[in-house]
Amino acid sequence: METFDHLLAGLAAALSFQNLAFALAGCIFGTLVGVLPGVGPAAGTAILIPLTFNLDPAGAIIMLSAIYYGAMYGGTITSVLLNVPGEAASVITCIEGYQMARKGRGGAALGIAAIGSFIGGTFAVLALVVVAAPLAALALKFGPPEFFALMLFGLCLVTSLAGRSLIAGVLMTVAGLLISLIGIDPTRGVPRFTLGLPELYDGLGFIPVVMGLFGIGEILSTAEKPYREIVRTNLRDVLPSKAEWKASMGAIWRGTGLGFFLGLIPGVGSIIPTFMSYILEKKVSKHPEKFGTGVIEGVAGPETANNSYANAAMVPLLTLGIPSSPTIAVLMGAFIINGLTPGPFLFTEKPILVWTIIASFFIGNVILLILNLPLVGLWAKILEVPYQYICVGTVLFCMIGAYSINSSVFDIWVMLGFGVVGYLLRKLDFPLAPAVLGLILGPQLEKSLRTSLEMSAGDFSIFFTRPITVLLLALSVIVILVSALNLAPSQLREASDD
Amino acid sequence: MKRGWIVASVAFLALFCITIWESTSYPLLDELGPGPGFFPLWLAVIGALLSALLIFETARGPADPPEATLVPDRPALFRVLSIIVMLAVAAASLELLGWRITALIVTAALLPALGAHSPLVMSLFVLAASFGVFHVFYYWLKVPLPIGTLGI
């Protein structure tokens, strides 16, 4: 009952003119980020953080969350019209969506993606409302050893599913964790790895590093490639035909369930649900041989799973303080910039704020549907803007984003340095997602480990005598073993970098 | 690709070795428990071992096909380097020249380097990116973009 009261209060706050405007602006910016080639949701969300500097925390998070799920949908448009995914989760939509566009059914593909995303997103938020409070209450019982094991499990999941090589995945996680340790040691106050530079005493800024790895890195990669032709397709009929509806409904419901379930698991990147949904649809289809030729279930299922996942991935963030993907990690960074610590305490310390944010997800899904069904032609027009202008505009936004966090040019140098590193690692096919999660979880992981060992006077058995910790550590070992023995589906491993 | 992986792994190995050496300069344990050097030391040791393993694994792997190369063609390389150089120029001159002049220079140089043609569209874009963006962020969004020594 208390949850329901908080939700109603949150809904009332989210429906204020100001917050509605933030959600609308976020959805527009997010869809734009998804549509623009060379800017993924992680970089897009990071780049747009300066827009929220003078907003109240609720408004800032509402806008950034809307940017996040707007970008998750926007990527579909380029997948269907260009055969280029606007963000990683839309890779699978290229297969059927692009073929549908070539047959003149691009409008229907985008329409069913918007409708599926709305249904998936709305049900995921409903489920989030149901599970968030009990999960947060459970998490309040967690001590440092449990949190350490939970974060380790999340990192193991990301690592084991990232890229072609498990070793490279672990290596990138370790690198991310080590980068996060630069700065003053939080428990003893000793400066570490600062090279005598005062700018490094607070550590490397998370946002400039992510902007470099994902923003500048992506821009440099895209600048290498030749310009792609847009498929001219019928965008007037965005509503699917009767037969297409019939074929899509099952896929939408399955995508909703799958996306939500996978979103709850910390560490599962956004691409896994879409891949699994596509595989599932092919398995349950009466005509699996038609997949690859423009089958609408192949768009409806993955796109629904994508948005359902995007909303469900907020559950581990809000209740446990664990980000599931680099984009969620950026959102976590935005929470911290706004003086909020995501996790179970947020529900007890700022219940109205957290429920306002959750209620805004409902509103955001409605706004996205309104934006995307009638305005799909307009978004497609944006793809005709020459890439040179998009690229320069993005570079400028990255500069503003990096500079304005601390009003420091040093952060632009950090962004540039990590941009070059990200570009080179991307060319070599090293996974970047584990490094980003390591970077954001590093300080908490170290703090949990050290506090646990202080509790036990240095005795490591504290991790093997508590049931939840033992379970999570056992799961971590299983996940790594499954990956090491190549038991995970290879398609998932190769495509799972966010 | 193979050579690239080996070079990257060697670079990682070097970085992890430096981190091990640096970590040992901090207390590993103190009276309260693990010290500031404890976590980074073990992480760096794991990282160094994995880097060595990756070098070994990659070296044993199949050779690259002869046509495989990581270096882009000349025009693509020019575009990539233009972006990197202009970002460095921007970082070096931002506090001296302020946002408006820096963005003007960067945009005016980068657009033709990336292949933009229309002088009119480019001029409008350059003005919007420098003065327009400054106005929106500085006055409307209250984001403190830098003003240079010339007061612009």
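Throughout, protein chains are lettered first and strands after them, A, B, ... in sequence-line order, and every chain is numbered starting at 1.
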_Please check if the number of heavy atoms outside A:Asp459 that lie under 6.0 Å from its CG is greater than 12._
yes

*asked:* Within the 4.5 Å heavy-atom criterion, are B:Trp99 and A:Leu396 side-chain neighbours or not?
replied: yes

_Heavy-atom pair of closest approach, residues B:Pro72 and A:Lys427_ = CD-NZ, 4.0 Å

*Closest approach of A:Pro50 to B:Val143 (non-hydrogen atoms, all atoms of both residues)*: O-CG2, 3.4 Å

*Compare all side-chain heavy atoms of B:Phe16 with those of A:Leu178 and state whether any distance is below 4.5 angstrom.*
yes

_Are the side chains of B:Phe56 and A:Ile167 in contact, using a 4.5 Å heavy-atom criterion?_
no

*Is it the side chain or the backbone of A:Leu55 that comes within 4.5 Å of chain B heavy atoms, both, or neither?*
neither

*Contacting region of B:Pro146 [heavy-atom separation from chain A under 4.5 Å]*: both

_If we define contacts as heavy-atom pairs under 4.5 Å, which of A:Ile400, A:Leu453, A:Asp411 has the most with chain B?_
A:Ile400

_Is A:Arg188 close to chain B through its backbone or its side chain, or both, or neither, when contacts mean heavy atoms under 4.5 Å?_
side chain

*Structural part of A:Met415 lying under 4.5 Å from a heavy atom of chain B*: side chain

_Interface residue of largest heavy-atom contact number with chain A, from B:Phe12, B:Phe39, B:Phe137, under 4.5 Å_ = B:Phe39

*Quick one: closest heavy-atom pair of B:Leu94 and A:Tyr403, and the distance?*
CD2-CD1, 3.7 Å

*asked:* Is B:Ala88 close to chain A through its backbone or its side chain, or both, or neither, when contacts mean heavy atoms under 4.5 Å?
replied: both

*Begin with the C-alpha distance, continue with both residues' side-chain angles, and end with the deciding distance and a verdict on side chain to side chain contact (heavy atoms under 4.5 Å, CB included) for A:Asp185 and B:Tyr26.*
CA-CA 10 Å; A:Asp185 168 32; B:Tyr26 311 121; over 6 Å; no

*Part of B:Asp73 lying under 4.5 Å from any heavy atom of chain A*: neither

*Give the minimum heavy-atom separation between B:Pro36 and A:Val190, together with the two atoms involved.*
CG-CG2, 3.8 Å

*Has A:Trp413 got more than 12 heavy atoms of other residues, nucleotides or ligands less than 6.0 Å from its CH2?*
yes

*Please flag which part of A:Leu428 lies under 4.5 Å from any non-hydrogen atom of chain B: side chain, backbone, both or neither.*
both

*asked:* Looking at every non-hydrogen atom in both residues, tell me the closest pair between B:Phe38 and A:Leu449 and how far apart they are.
replied: CE2-CD2, 4.0 Å

_Using a 4.5 angstrom heavy-atom cutoff, name the option from B:Leu110, B:Leu49, B:Val80, B:Ile18 with the most pairs to chain A._
B:Val80

*asked:* To the nearest 0.5 Å, what is the distance between NE2 on B:His117 and CD on A:Gln388?
replied: 7.0 Å

*Name the option with the most non-hydrogen atom pairs under 4.5 Å to chain B; the candidates are A:Val420, A:Ile412, A:Val409.*
A:Val409

_Within the structure provided, determine whether B:Pro34 and A:Glu446 are in side-chain contact (heavy-atom separation under 4.5 Å)._
no

*Most contacts with chain A, counted as non-hydrogen pairs under 4.5 angstrom, among B:Pro112, B:Ser25, B:Ser51, B:Pro75*: B:Ser51

*Rounded distance [0.5 Å steps], CG in B:Leu50 versus CE in A:Met172*: 12.5 Å

*asked:* If you count heavy-atom pairs within less than 4.5 Å of chain B, which of A:Leu220, A:Thr187, A:Leu171, A:Leu177 leads?
replied: A:Leu171

*Among B:Gly47, B:Pro40, B:Gly4, B:Ala76, single out the residue with the greatest number of heavy-atom pairs under 4.5 Å to chain A.*
B:Pro40

*Which answer fits A:Leu51, side chain, backbone, both or neither, if we ask what part of it has an atom under 4.5 Å from a heavy atom of chain B?*
both

*Name the region of A:Phe397, side chain, backbone, both or neither, that has any atom closer than 4.5 Å to a heavy atom of chain B.*
side chain

*Reported CD1-to-CD distance for the pair B:Ile83 and A:Glu224, which is rounded to 0.5 angstrom*: 10.0 Å

*Distance-minimising heavy-atom pair for B:Phe125 and A:Gly393*: CZ-N, 4.0 Å

*Just how far is it from atom CD1 of B:Ile84 to atom CD1 of A:Ile219, taken to the nearest 0.5 Å?*
11.5 Å

*asked:* Less than 4.5 Å to any heavy atom of chain A: does that hold for the side chain of B:Met86, its backbone, both, or neither?
replied: neither

*Please look at B:Ala44 and chain A and tell me whether the side chain, the backbone, both or neither of the residue comes under 4.5 angstrom of a heavy atom of that chain.*
both

*Note, A:Ser165 side chain near B:Glu57 side chain (heavy atom, < 4.5 Å)*: yes

*Proximity breakdown for B:Ala128 and chain A, heavy-atom pairs closer than 4.5 Å*: neither

*Spacing of NZ belonging to B:Lys142 relative to OG belonging to A:Ser404, to within rounding of 0.5 Å*: 15.5 Å

*Among B:Gly35, B:Ala129, B:Ala8, residue most engaged with chain A (heavy-atom pairs, under 4.5 Å)*: B:Gly35

_If I measure from the heavy atoms of chain A, does B:Val136 come under 4.5 Å with its side chain, its backbone, both, or neither?_
neither

*Which atoms of B:Ser82 approach chain A - backbone, side chain, both or neither, heavy atom under 4.5 Å*: neither

